[in-house]
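Report on the following structure.
These numbers were taken from a predicted model, which means no experiment stands behind them. Proteins get letters first, then strands, A, B, ... in listed order; numbering begins at 1 in each.
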2 protein chains.
Amino acid sequence: MAARKQNSTYSRNEKCIIDCDLTFAVYMLGGRWKLLILDKLAKRKMRFSELKKEFSYITERMLTLQLRTMEQDGLVKRTVYAEVPPRVEYELTDTARELAPILSQLSDWGGKQRKIAQQGTAV
Amino acid sequence: MAARKQNSTYSRNEKCIIDCDLTFAVYMLGGRWKLLILDKLAKRKMRFSELKKEFSYITERMLTLQLRTMEQDGLVKRTVYAEVPPRVEYELTDTARELAPILSQLSDWGGKQRKIAQQGTAV
DNA sequence: TGTGGTACATACAAACATGTAAGTAATGGC
DNA sequence: GCCATTACTTACATGTTTGTATGTACCACA
């Protein structure tokens with residue numbers, strides 16, 4: 001759900017694909033770090049720097065980008081406190097919290113699949 | 001879930017991210033056409049050419065690619081009939097069918113979100 | 001005056017995903 | 001022999017996502 005060029009078939013296809021509610025939903029969750037962020041924020045409100053510490057490999061740029069699109073998509077709420085040094089807190093919206101039970105099922109399914117896939121590779 | 005170069009941070013991050021069952025699941029569904037294909041095949045077994053007709057904008061290449069990774073991921077089963085011209089049928093695996101109820105919930109959620117997003121844009 | 005911390009922003013580069021165009025094998029029907 | 005059909009494959013081009021490196025504003029504190 002980032003900005004796209006309005007160009008040729010690539011975007012045209014995207015528009016028609018996004019008409020599918022399911023695809024729309026999965027695209028909203030599809031960023032590399034979004035689900036992990038969702039999971040952390042499900043437990044509690046967190047500051048930018050706290051999130052950064054949680055995912056030792058994420059860069060500040062990526063964290064910013066993912067949080068921004070999640071904010072635009074109505075998944076997280078961003079609160080800026082006018083202090084110095086700055087303090088910014090992120091928390092899930094109600095919308096995102098509605099997802100929790102669904103994602104939990106999907107996670108169970110994913111876990112099962114992953115085990116199967118690993119067995120396959122092991123043999 | 002395609003082949004990747006084993007390179008630098010990009011892959012390293014992927015490996016640690018994929019450790020999350022939920023991320024694993026969403027990555028499996030993340031291809032542009034996969035959910036639409038899943039939806040069609042949920043109704044009935046279909047031939048390659050039938051699928052192509054269903055999605056007027058998909059190219060043969062993309063359809064092939066998406067079906068291949070779905071097959072590798074255990075979402076679809078591919079049956080080749082040794083005829084000329086060739087006939088190939090695709091159907092969902094049990095694994096994929098287990099997803100149906102979960103995806104249906106996710107689709108409902110997506111529909112709701114999409115309406116909200118559109119209202120936002122309209123104003 | 002200089003340093004430190006927070007939460008970013010910007011320019012650039014690499015890797016990946018998707019799309020375009022053209023070609024292939026096999027064989028039945030003309 | 002030639003063409004049509006089906007389900008692909010290959011080489012190439014375009015677009016998007018992720019990562020690297022560096023810079024910025026703000027002000028308290030030393």
Side-chain angles (χ1 to χ4, degrees), chain A residues 1-18 23 26-34 36-37 46-53 55-71 76 78-90, chain B residues 1-18 23 26-37 46-71 76 78-90:
Chain A
M1 316 300 279
R4 309 281 169 108
K5 285 197 185 172
Q6 303 211 335
N7 217 333
S8 75
T9 313
Y10 193 94
S11 312
R12 184 162 46 77
N13 277 355
E14 179 162 270
K15 271 174 209 139
C16 91
I17 283 162
I18 284 291
T23 304
V26 172
Y27 265 53
M28 247 169 102
L29 304 173
R32 174 163 269 201
W33 305 90
K34 285 185 193 169
L36 297 169
I37 294 172
M46 292 178 90
R47 296 182 59 173
F48 184 85
S49 53
E50 288 178 311
L51 282 168
K52 201 172 65 175
K53 269 176 226 152
F55 311 112
S56 46
Y57 289 136
I58 200 173
T59 61
E60 296 193 339
R61 177 182 139 81
M62 270 301 115
L63 186 54
T64 304
L65 282 176
Q66 304 274 292
L67 285 169
R68 278 298 139 78
T69 57
M70 290 171 83
E71 194 193 354
V76 304
R78 179 168 176 268
T79 312
V80 183
Y81 295 88
E83 304 173 357
V84 167
R87 182 158 62 98
V88 180
E89 286 185 346
Y90 292 92
Chain B
M1 315 299 278
R4 310 279 169 107
K5 285 198 184 169
Q6 304 209 336
N7 217 333
S8 74
T9 313
Y10 193 93
S11 313
R12 184 161 47 79
N13 277 355
E14 181 163 87
K15 270 173 210 143
C16 90
I17 284 160
I18 284 290
T23 304
V26 172
Y27 265 53
M28 248 169 103
L29 305 172
R32 176 164 268 200
W33 306 90
K34 285 185 191 169
L35 294 166
L36 297 167
I37 293 171
M46 292 178 90
R47 294 185 59 176
F48 184 86
S49 53
E50 288 178 311
L51 282 168
K52 201 173 65 175
K53 268 177 226 151
E54 288 289 340
F55 311 112
S56 46
Y57 290 136
I58 201 172
T59 61
E60 297 193 338
R61 176 183 139 81
M62 269 301 115
L63 186 53
T64 304
L65 282 176
Q66 305 274 290
L67 285 169
R68 278 296 140 79
T69 58
M70 289 170 83
E71 195 194 353
V76 305
R78 180 169 174 267
T79 311
V80 183
Y81 296 88
E83 304 173 357
V84 168
R87 183 160 62 98
V88 180
E89 286 186 345
Y90 292 92

**Study point:** Closest to the A/Thr59 side chain, choosing from C/dG19, D/dG19, D/dA7
**Key:** D/dG19

Exercise for review: Would you mind reading off the distance between A/Arg61 atom CZ and C/dT10 atom P, rounded to a whole angstrom?
Suggested key: 11 Å

Point to revise | First of A/Pro86 and B/Pro86 reached from the 5' end of DNA chain D, by closest nucleotide | key: B/Pro86

Exercise for review: Give one of base, sugar-phosphate or nothing for B/Gln66, where a contact means two heavy atoms less than 4.0 Å apart.
Suggested key: sugar-phosphate

Check your understanding: Below 4.0 angstrom from OP1 or OP2 of D/dT17, is there any side-chain N or O of B/Tyr27?
Key -> no

Check your understanding: Does A/Arg12 have a side-chain nitrogen or oxygen under 4.0 Å from the phosphate oxygens OP1 or OP2 of D/dG15?
Key -> no

Revision key, fill the gap. Separation of C/dT18 atom P from B/Glu60 atom CD, nearest Å, is 18 Å

Exercise for review: Using a heavy-atom cut-off of under 4.0 Å over every strand shown, decide if A/Tyr57 touches base, sugar-phosphate, or nothing.
Suggested key: nothing

Check your understanding: At under 4.0 Å, does any side-chain N or O of A/Tyr90 touch on OP1 or OP2 of C/dC8?
Key -> yes

**Study point:** Separation of atom CD in B/Glu14 from atom C1' in D/dG19, rounded to whole Å
**Key:** 14 Å

Practice item. Could you check whether A/Arg47 gets within reach of a base, just the sugar-phosphate, or nothing at all, counting any heavy atom under 4.0 Å? Key: sugar-phosphate

Exercise for review: Check each of B/Glu71, B/Arg47, B/Arg78 against B/Tyr90 using the side chain to side chain donor-acceptor pair (under 3.5 Å) test, and report the only one that passes.
Suggested key: B/Arg78

**Study point:** Under-4.0 Å side-chain N/O to phosphate OP1/OP2 contact, A/Arg68 with C/dA9
**Key:** yes

Practice item. Determine, for B/Glu14 against B/Arg12, whether the closest basic-nitrogen to carboxylate-oxygen distance falls under 4.0 angstrom. Key: no

Point to revise | Closest-nucleotide 5' rank along DNA chain C - winner of A/Arg78 and A/Val84 | key: A/Val84

Review point. If you check the A/Pro85 side chain, which of D/dT9, C/dT6, D/dT18 turns out closest?
Key: C/dT6

Exercise for review: Look at B/Asn13 and D/dT18 and indicate whether a side-chain polar atom (N or O) is within less than 4.0 Å of OP1 or OP2.
Suggested key: no

Study note, to complete from the structure: Of D/dC26, C/dA21, C/dA9, the nucleotide closest to the side chain of A/Thr64 is C/dA9

Exercise for review: Report yes or no: is the cationic atom of A/Arg32 (NZ for Lys, CZ for Arg) closer than 6.0 Å to the six-membered ring centre of B/Tyr10, at no more than 45° off its axis?
Suggested key: yes

Exercise for review: Please determine if a side-chain N or O atom of B/Arg32 lies less than 4.0 Å away from the OP1 or OP2 oxygen of C/dG19.
Suggested key: yes

**Study point:** Protein-nucleotide distance (A/Phe48, atom CZ; D/dC26, atom P), rounded to Å
**Key:** 19 Å

Practice item. Could you please name the option among C/dA7, D/dT18, C/dT20 that lies closest to any side-chain atom of A/Met62? Key: D/dT18

Review point. How many Å lie between NZ on A/Lys52 and P on C/dT6, as a whole number?
Key: 7 Å

Revision key, fill the gap. Heavy-atom closest pair (B/Leu36 atom, A/Ile17 atom, distance to 0.1 Å) is CD1-CG1, 3.9 Å

Check your understanding: Could you state the CD1-P distance from B/Ile17 to C/dC16, rounded to the nearest angstrom?
Key -> 13 Å

**Study point:** Nucleotide D/dC8, atom C1' - distance to CD of B/Glu50 in whole Å
**Key:** 17 Å

**Study point:** Phosphate OP1/OP2 of D/dA7: any B/Arg87 side-chain N/O under 4.0 Å
**Key:** no

**Study point:** Presence of A/Ser49 side-chain N/O under 4.0 Å of C/dA7 phosphate oxygens OP1/OP2
**Key:** yes

Check your understanding: Counting side-chain heavy atoms from CB outward, which of C/dC8, D/dG19, C/dG19 is closest to B/Tyr10?
Key -> D/dG19

Check your understanding: Rounded to whole angstrom units, what separation is found between the CD1 atom of A/Ile58 and the P atom of D/dA21?
Key -> 17 Å

